[in-house]
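For clarity, every value in this text was computed on a predicted model and none was experimentally measured. Values below: every heavy atom of this structure, side chains too, minus hydrogens, waters and symmetry copies. Each chain gets a letter, A, B and so on, in the order its sequence line appears, and its residues count up from 1.
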Amino acid sequence: MNRKYNAQEIEGKWQKYWEDAKTFKVHEDPQKKKYYLLEMFPYPSGKIHMGHVRNYTIGDVIARYKRMKGFNVLHPMGWDAFGMPAENAAIERDIHPATWTNENISYMRSQLKRMGFSYDWDREISTCEPEYYRWEQLFFLWMYKKGLVYKKTSAVNWCPKCQTVLANEQVEAGLCWRCSSEVGEKVLDQWFFKITAYVEELLDYCDKLTGWPERVLTMQKNWIGKSCGCEVSFPMAEGSGDIKVFTTRQDTLYGATFMLVAAEHPLVMELVKGKAIENDVREFVEKIKKQDRLLRTSESYEKEGIFLDAYCLNPLTTRKMPIYAANFVLADYGTGCVMAVPTHDQRDFEFAKKYNLPLVVVIQSPDKPLNTETMTEAYVGEGVLVHSGPFDGMENTKALEAIAQHLEAIGRGKRTVQYRLRDWGISRQRYWGAPIPVINCEQCGAVPVPESDLPVVLPRNVEFTGEGGSPLAKLRSFIETTCPCCKGKAKRETDTMDTFVESSWYFDRFCCPDYSEEPGLDRRKVDYWMPVDQYIGGIEHAILHLLYARFYTKALRDFGALGVDEPFTNLLTQGMVCKETMRCPQHGYVSPDEVNNGKCKHCGTDVIIGKTEKMSKSLKNIVDPNYLLDQYGADTARLFCLFAAPPEKDLEWSDQGVEGSFRFLNRTWRIIMDYLDDIQAVESSATDEELDGELKNLRRKAHQTIKRVTTDIEDRFHFNTAISAVMELVNLLYQINRPAADDKKALRLIRETMETIVILLAPIVPHITEELWKMLGHKSELADVTWPSYDPLAAEEEEITIVIQVNGKVRSRINVPADEKEEKIKALAREDEKALKFIKDKKILKEIYVPKKLINIVIHG
RNA sequence: GCCUGGGUGGCGGAAUUGGUAGACGCAAGGGACUUAAAAUCCCUCGGUACUUGUGACUGUGCGAGUUCGAUUCUCGCCCCAGGCACCA
């Protein structure tokens, strides 16, 4: 037999087989231990990219491995099908978003099938279908009832020329991506999910999610941004009323010499109403509002403010504090007002210097005394309080508590907690999303659509011009309806939901994709599968998607739709796929096929090799998965993605590395073909068969390989080292002397070794191994074969190398039987010729013996 | 500025608990096979100088420390990547 490895033929064959036999279809089985493996589902942008290939390959190896380990594995795939690109395609190419999306889905599905991923395709879901989003609308109504949904005014990016709302990524340097007009701000009524209602639980669980990478949890904690402090009231100097501020530094309250208010804060115009400076202040506020938008991305801008001709009083010193509007105070954090302590806050210090405002030191540095005359920056360190009345002499860390108590006692403040986390704005003034199930009635206000009227189906017959706001808002047949309350004429809400809502519960729906009864989640099935045991995806979703999904899970739990607190037990964030970039001085970034012998094809100039960066169209450094599949096949693509780097690290693309992976598959194929005739007649050898010499070594190596591959996959997902272990075993097979055709004992072992190789590689390169498995004469499906366990006895070395060190330096090595006694080894070491050269007649101070590893002889000098 | 990772041959990466640094692959060089090439198979491959060895010295970003012994632990510094960034 002399067949060549033909990847395309083999892969097509097995993919069809798996599909026809429904090999990867699963159902709940209480007898078996479940394992839910999920990769972040893709947005159907057109075709899959290398990032998908890598992500889904990593997931597939784990899924197939767990399956072979006997788990009941749920491994689903679907489509995050709503979103802006579909709408843009509609505007640009006059194709309906639904058509565009569905065409993309069917193409990308065929690509995923060509990769040989072990999905249960019967569970495929697409979030743009009413069967999916109707339940999302139901959850919206539940949340509305519970007060977890509310409406408030909030600013959006607005292009005055296109008359449309722009997402943040559609604003390029302050200009509209389509028409380059200056983007403004527009205040609209928008819907919000009250994620802050769960903020403490979300934060708490950051310490309980032990299967998540530390840095993701740190990012989430920072994003939530809890800070404890005080709300303090500063009475107005004249008239009644007060200004409330939030501070974490109430220990510096005695040093507060002026008050700052966010420029956009309504209080600003209130305070100057009717005063001479009213117009100046209005101008200032308008300027800041514009500045804010344009310079948002710039480094850090100059602190600016304007005096409001008003004063309040420091509640502890009764000092008169001038009130300023300032550009650097955030309107939507805390109360939008800040007490300024220029001596102990760098921003306040800079502001005070610019506008000549008074400084009072209230914390004295233990190192060098602070002097308001000579200070060049604020002192933010710790110290002892001064100029602080009864608190003088107290350590500032203690004063934090003491002053908080004092404020509460005199009714001027209370301890509070602030979070950086804001509620989740889910309104999108767009067409291609799930309609928000609300009816706006002039009489009754916003009225939820009755549950019995769901789903509110997104209509198809709309026009896409890209101008004049959401196409939905112009469709009379959609808007015009009757109010469920008063039965009068009313208008449907035309906002759709943020697509992050769909991705916040799709993993629940995968458990019961066809369940058509309320609430779209079959508790029995969801309880069996959830939570997701292993979730895999890009680090770019470390905050938003993962936080939203956690919140949504808790909300659904409290509605009784779910029984879990957290959706994802273990999280793996895989690195990016990168490749080197090339630039032509004339033509900018160029792709490899625009380069000939290091020169640009268009102009002949030398091409500059640039940095290695994440694959992207604009950098022209993408590799199309189709090319790989055509050239080498899915198994090579999978093998390379796993072998080039461990999953959490960035993967640097290398065409030669791909060649190497292909070579290894051929090498494995060839050696098995080479032996096929000889081993077909024999059984795989039994482990208790007596062997010696080279054959014993081979069996030992095989069992060591099983051990290594198992722990590398199981404990660390380090597939690169698992693969290299199998490579070593294949190399050893090439090295042994070919046994005679009638040496049954040797051939039995060869067969055993080859079967081990095939099984260990099965999750990684499923097609070639399935084919080899059949060629070795097996009837069963390799995907169902039980993962082997290793025999510790067979894996054990009979001879070990002991390193002899003198003063910590390796000087010699000796081989001894594995069970050699310590005394004997020490004696051998002392007599060792090479070691003796270094010991000579020097006195041996001590000997350190590390069993089975080394002996260190410590001598003087 | 703050937080989190990371820095090992020409390159991607190994070294699981402090115990033989550089597994495996790529690239490079050499050999075998071949009329030839490709493919394949085998060998060499961190650096330095030399007396060319079954050797010596040196070597995991830099500098110190702990230890019999440090890529691994501690401290200080440098560099790279990612995240957050006027959050009071």
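Between the OH atom of Tyr734(A) and the C1' atom of U40(B) there is a distance of 8 Å, given to the nearest Å. The separation between Ile848(A) atom CD1 and G18(B) atom C1' is 12 Å, rounded to whole Å. Between the P atom of G12(B) and the CG atom of Leu639(A) lies a distance of 19 Å, rounded to the nearest Å. The CG-P distance, from Leu854(A) to A21(B), rounds to 10 Å in whole Å. Per the geometry, CG belonging to Leu544(A) stands 13 Å off C1' belonging to C84(B), to the nearest Å. Nucleotide U67(B) holds its C1' atom 13 Å from the CG atom of Asn807(A), rounded to whole Å. Between Gln346(A) atom CD and A88(B) atom C1' the separation is 14 Å, expressed in whole Å. The separation between Glu728(A) atom CD and G25(B) atom C1' is 11 Å, rounded to whole Å.
Nucleic acid contact class of Asp348(A) (heavy atoms, under 4.0 Å, all strands): none. Backbone-only engagement by Thr247(A) is indicated by non-hydrogen atom pairs under 4.0 Å involving sugar-phosphate atoms exclusively. Note on Phe662(A): nothing from the nucleic acid sits closer than 4.0 angstrom, heavy atoms only. Asn856(A) comes within 4.0 angstrom of a nucleotide base, judged by non-hydrogen atoms across all strands. Among the atoms of the strands shown, none is found under 4.0 Å from any heavy atom of Pro213(A).
Distances shorter than 4.0 Å separate some side-chain N or O of Ser227(A) from OP1 or OP2 on A88(B). OP1 and OP2 of A38(B) both lie 4.0 Å or more from every side-chain N or O belonging to Arg663(A). Look at Arg708(A) and you won't find any side-chain N or O under 4.0 angstrom from OP1 or OP2 of A23(B). At C57(B), one or more side-chain N or O atoms of Arg811(A) fall inside 4.0 Å of OP1 or OP2 (strictly under the cut-off). At A85(B), one or more side-chain N or O atoms of Arg420(A) fall inside 4.0 Å of OP1 or OP2 (strictly under the cut-off). Taking side-chain N and O atoms only, Tyr333(A) has a distance below 4.0 Å to OP1 or OP2 of A88(B). For G83(B), neither phosphate oxygen OP1 nor OP2 lies less than 4.0 angstrom from any side-chain nitrogen or oxygen of Asn222(A).
Nearest nucleotide to the side chain of Arg813(A), out of U20(B), A27(B), U16(B): U20(B). Listed nucleotides: A88(B), G19(B), C86(B). Nearest to the side chain of Lys303(A): C86(B). Among the nucleotides G19(B), G12(B), A23(B), the one closest to any side-chain atom of Val850(A) is G19(B). Ranking G83(B), A88(B), U58(B) by closeness to the Val329(A) side chain, first place goes to A88(B). Comparing atom distances between the Lys649(A) side chain and each of U16(B), U4(B), G13(B) picks out G13(B) as nearest. The side chain of Thr721(A) has A14(B) as its nearest neighbour among U40(B), A14(B), G25(B). Distance from the side chain of Phe643(A) is smallest to G25(B) among A88(B), U20(B), G25(B). Comparing C24(B), U16(B), G19(B) against the side chain of Asn731(A) picks out C24(B) as the nearest. Distance from the side chain of Arg347(A) is smallest for C87(B) among the nucleotides G13(B), C68(B), C87(B). Of the candidate nucleotides U40(B), U16(B), C26(B), U40(B) has the atom nearest to the side chain of Arg670(A).
Summarising the base pairing, G29(B) is matched to C43(B) through a Watson-Crick or G-U wobble pair whose two defining distances lie under 3.5 Å. The pairing partner recorded for G69(B) is none, the criterion being a Watson-Crick or G-U wobble arrangement whose two distances lie under 3.5 angstrom. Pairing for U48(B) is with A56(B), a Watson-Crick or G-U wobble pair whose two hydrogen-bonding atom distances lie under 3.5 Å. As the counterpart of U4(B), A81(B) is assigned, both hydrogen-bonding distances of the Watson-Crick or G-U wobble pattern falling under 3.5 Å. Checking A37(B) for Watson-Crick or G-U wobble geometry (two distances, each under 3.5 Å) identifies no partner in any strand. Nucleotide A15(B) is matched to nothing when pairs are restricted to Watson-Crick or G-U wobble geometry with both distances under 3.5 angstrom.
Using P as the reference atom, U58(B) and A39(B) are 43 Å apart when rounded to the nearest Å. Taking the C1' atom of each, C45(B) and C11(B) are spaced 14 Å apart, rounded to whole Å. Spacing between G6(B) and U16(B) at atom P, rounded to whole Å, works out to 15 Å. The separation of U51(B) from G13(B), taken at their P atoms, amounts to 40 Å, rounded to a whole angstrom. Atom name P, nucleotides A38(B) and U8(B): the rounded distance is 34 Å, in whole Å. Using P as the reference atom, G19(B) and A70(B) are 11 Å apart when rounded to the nearest Å. The C1' atoms of U20(B) and U35(B) are separated by 49 Å, rounded to the nearest whole Å. Between U60(B) and U72(B), the two C1' atoms lie 10 Å apart (nearest whole Å).
The 5' end of RNA chain B is approached more closely, in terms of each residue's nearest nucleotide, by Arg215(A) than by the other of Cys337(A) and Arg215(A). If Lys837(A) and Gly225(A) are placed on RNA chain B by their nearest nucleotide, the residue sitting closer to the 5' end is Lys837(A).
Note: Phe258(A) and Phe351(A) have parallel aromatic rings, judged against thresholds of 30 and 60 degrees for the angle between ring planes.
None of Gln346(A), Lys353(A), Glu350(A) except one satisfies the side-chain contact (heavy atoms from CB on, under 4.5 Å) rule with Glu377(A); the exception is Gln346(A).
Taking 4.0 Å as the cut-off between side-chain N and carboxylate O, Asp345(A) and Arg249(A) do not count as a salt-bridged pair. In this structure, Glu200(A) pairs ionically with Lys226(A), as a charged nitrogen and a carboxylate oxygen lie closer than 4.0 Å. Ion pairing of Glu797(A) with Arg700(A) is present here, as a side-chain N (NZ or NE/NH1/NH2) and a carboxylate O approach within less than 4.0 Å. Of the charged side-chain nitrogens involved, at least one lies within less than 4.0 Å of a carboxylate oxygen, so that Glu847(A) and Arg830(A) count as a salt-bridged pair.
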key: CA sep, side-chain torsions, deciding dist, call: Trp653(A), Phe640(A), ring-ring contact (aromatic ring centres under 6.0 Å, His included)   = CA-CA 9 Å; Trp653(A) 196 262; Phe640(A) 175 72; 4.8 Å; yes

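Taking each heavy atom of Ala325(A) and Ala263(A) in turn, the nearest pair found is CB-CA, 4.5 Å. Contact record, Val709(A) with Ala725(A): CG2-CB, 4.2 Å, taken as the closest heavy-atom pair.
For the pair Val803(A) and Lys853(A), the minimum side-chain heavy-atom distance is 4.5 Å or more.
In textbook terms, a nucleotide whose glycosidic angle is within 90° of 0 is syn, and G9(B) is one such case.
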